[in-house]
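To keep things clear, I will list the structure first and then write my remarks on it.
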Amino acid sequence: MPTLNAAGTLPATLAALGGAAQEVVVADGGSSDGTPTVAAALGARVLAAPRGRGAQLAAGAQVARGDWLLFLHADTVLAPGWARAAAGFAADPANAGRAAYFRFALDDPAPQARRLERLVAWRCRWLALPYGDQGLLIARRLYESLGGFRPELPLMEDVDLVRRLGRRRLVALDVPAVTSAARWRAQGWKRRSARNLACLALWCLGVPARRLAPLYGR
């Protein structure tokens, strides 16, 4: 779990994991709000990592001990039933060569949130592009065979990895991953969505992720 000044959202995220997770690794990118202290108090293993999601996720995966890895953002709360769905996926030998993601949802009752959820569902169904805020459950052996997250990517690390996975190795789990809508509320639903789309399009056209980071924000 990559964090940067996530003390406000981290408790709910970790609480949703409950006792089902054998190990929680929080890779912190230099928080100034006490995030590492909060994470440690809630039972997570805290790792100091270079700032940037690619570097933080790669560092966390390197020290995690499990045969299966679940990558999750610090402002995403998995809905009840996630552990059963994840365990069922991991128990099927056929899924050793596939990865799973959860259904995108937002913690906001606004109609704009429902429209965005539908757009994300369309993106996942037709473009096979789930984002990191939907979580990613993957066998360590498969993750390592793909080369893992690329530490040099400050963003687009999720798109980069799922593109290497490819459509045939992605499975949707019908359990919501409820993400904070704070960024959309603060920046405007249309503006934030347009910014995300612009970053994706520019990255696909070959613009380096480091150049897109100021446009994307955090």
Side-chain angles (χ1 to χ4, degrees), residues 1-4 6 13-14 16-17 20-30 36 39 43-76 78 82-104 123-124 127-173 175 177 200 203-204 206 208-210 212-213:
M1 185 180 299
T3 58
L4 181 64
T13 299
L14 294 180
L17 296 179
Q22 295 182 0
E23 177 188 34
V24 177
V25 177
V26 168
D28 189 71
R45 179 182 179 187
V46 181
L47 172 71
R51 183 175 299 187
R53 281 207 182 115
Q56 290 171 242
L57 288 164
Q62 190 172 16
V63 303
R65 294 186 289 264
D67 293 330
W68 282 83
L69 303 171
L70 173 60
F71 298 99
L72 190 68
H73 287 183
D75 62 351
T76 297
L78 296 180
W82 78 266
R84 179 178 297 179
F89 179 84
D92 186 344
N95 290 330
R98 299 194 288 181
Y101 61 91
F102 298 94
R103 175 163 50 86
F104 177 79
R123 187 191 70 214
C124 293
L127 302 181
L129 281 179
Y131 285 177
D133 50 16
Q134 294 174 256
L136 187 71
L137 176 64
I138 185 171
R140 175 182 292 279
R141 183 173 297 181
L142 175 59
Y143 171 81
E144 292 178 347
S145 74
L146 293 167
F149 284 105
R150 291 176 173 159
E152 68 273 18
L153 294 179
L155 71 158
M156 295 299 164
E157 79 294 332
D158 45 3
V159 176
D160 174 69
L161 183 58
V162 299
R163 288 182 71 181
R164 280 181 276 147
L165 273 164
R167 177 185 298 275
R168 294 184 178 180
R169 293 193 290 188
L170 286 168
V171 177
L173 301 180
V175 176
L200 175 62
W203 186 78
C204 289
R210 59 181 172 76
L212 295 176

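We're numbering straight along the sequence, starting at 1.
Relative orientation of the Phe89 and Trp68 rings is perpendicular, given thresholds of 30° and 60° on the angle between their planes.
The aromatic ring centres of Phe71 and Tyr101 sit 6.0 Å or more apart.
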Take Thr3 and Asp28 through the side-chain hydrogen bond (donor to acceptor under 3.5 Å, both in side chains) test and state the conclusion after the steps.
-> CA-CA 5 Å; Thr3 58; Asp28 189 71; 2.7 Å; yes
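Across Ala64 and Leu69, no two heavy atoms sit closer than the pair CB-CD2, 3.9 Å. Shown here for Ala177 and Leu78, the closest heavy-atom pair between the two residues is CB-CD2, 3.8 Å. A pairwise comparison of heavy atoms in Val175 and Ala85 identifies CG2-CB, 3.9 Å as the closest pair. A pairwise comparison of heavy atoms in Leu129 and Arg163 identifies CD2-CG, 4.0 Å as the closest pair. For Leu165 against Ala99, the heavy-atom pair with the smallest separation is CD1-CB, 3.8 Å. Listed here is the closest heavy atom pair of Pro50 and Ala55: O-CB, 3.7 Å.
Cation-pi geometry between Arg123 and Tyr131 is satisfied (NZ or CZ under 6.0 Å from the ring centre, within 45° of the ring normal).
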Show me the side-chain donor-acceptor pairs of residues 146-160 shorter than 3.5 Å, one per line, residues at least two apart or across chains.
{"from": "Arg150", "atom 1": "NH1", "to": "Asp160", "atom 2": "OD1", "distance (Å)": "2.7"}
{"from": "Asp158", "atom 1": "OD2", "to": "Gly132", "atom 2": "N", "distance (Å)": "2.8"}
{"from": "Asp160", "atom 1": "OD2", "to": "Arg164", "atom 2": "NE", "distance (Å)": "3.4"}
{"from": "Asp160", "atom 1": "OD2", "to": "Arg164", "atom 2": "NH2", "distance (Å)": "2.5"}

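In this structure a side-chain-to-backbone donor-acceptor pair under 3.5 Å is present from Arg140 to Ala61. Side-chain atoms of Trp82 do not come within 3.5 Å of backbone N or O of Phe102 as any donor-acceptor pair. Under the 3.5 Å distance criterion, the side-chain polar atoms of Gln56 are matched with a main-chain donor or acceptor of Ala27.
Each of Leu57, Leu17, Thr76 was evaluated against Met1; a single residue qualifies, Leu17, per the side chain to side chain contact (heavy atoms under 4.5 Å, CB included) test.
Between Glu23 and Arg45, some side-chain heavy-atom pair lies under the 4.5 Å cut-off. Pro130 has its side chain within reach of Leu170: a pair of non-hydrogen atoms, C-beta onward, lies under 4.5 Å apart.
Counting non-hydrogen atoms of other residues, nucleotides and ligands closer than 6.0 Å to CG of Asp92 gives a total above 12.
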